[in-house]
> 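Provided herewith is a single structure, encoded as structure tokens, for subsequent inquiry.
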Amino acid sequence: MLLVKRLSRKYNPWTLTGMQVSAGLIFFLPGIRHIIHSPDILLQSELLLSLVFLGVFASVAAFGLYN
């Protein structure tokens with residue numbers, strides 16, 4: 001976030017948002033193996049849809065509005 005202020009002079013805010021979301025995806029990607037190897041009770045469609053909603057829409061909206 002500290003770099004976004006400087007970078008926003010040069011790049012589009014939505015480009016910066018995409019970079020931030022991509023960096024977060026790379027950071028949290030190793031945790032996917034815990035979800036894959038979890039019991040079946042955790043792999044319900046409601047939970048997965050909630051995670052996708054929070055990961056995509058909430059993050060993109062928050063970073064997009066911040067930028």
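For the numbers below, each heavy atom of this structure counts, side chains included, while hydrogens, waters and symmetry mates do not. Given the structure is predicted, the values throughout are model-derived calculations rather than measurements.
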> Enter the distance from L7:CG to Q20:CD here, rounded to the nearest 0.5 Å.
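Rounded to the nearest 0.5 Å, the CG-CD separation comes to 9.0 Å.
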> If you group Ile, Leu, Val, Met, Phe, Trp and Tyr by side-chain heavy-atom gaps below 4.5 Å, do F27 and L29 land in one group?
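Per the 4.5 Å side-chain linkage, F27 and L29 are not co-clustered.
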> Can you name the side-chain contact (heavy atoms from CB on, under 4.5 Å) partners of S50, sequence neighbours left out?
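Not a single residue meets the side-chain contact (heavy atoms from CB on, under 4.5 Å) criterion with S50.
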> Between L54 and S59, is the side chain to side chain contact (heavy atoms under 4.5 Å, CB included) condition met? List the steps.
CA-CA 7 Å; L54 288 173; S59 296; over 6 Å; no
> Hydrophobic cluster membership, with links at side-chain heavy-atom distances under 4.5 Å among I/L/V/M/F/W/Y: are V21 and I26 in one?
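Different hydrophobic clusters.
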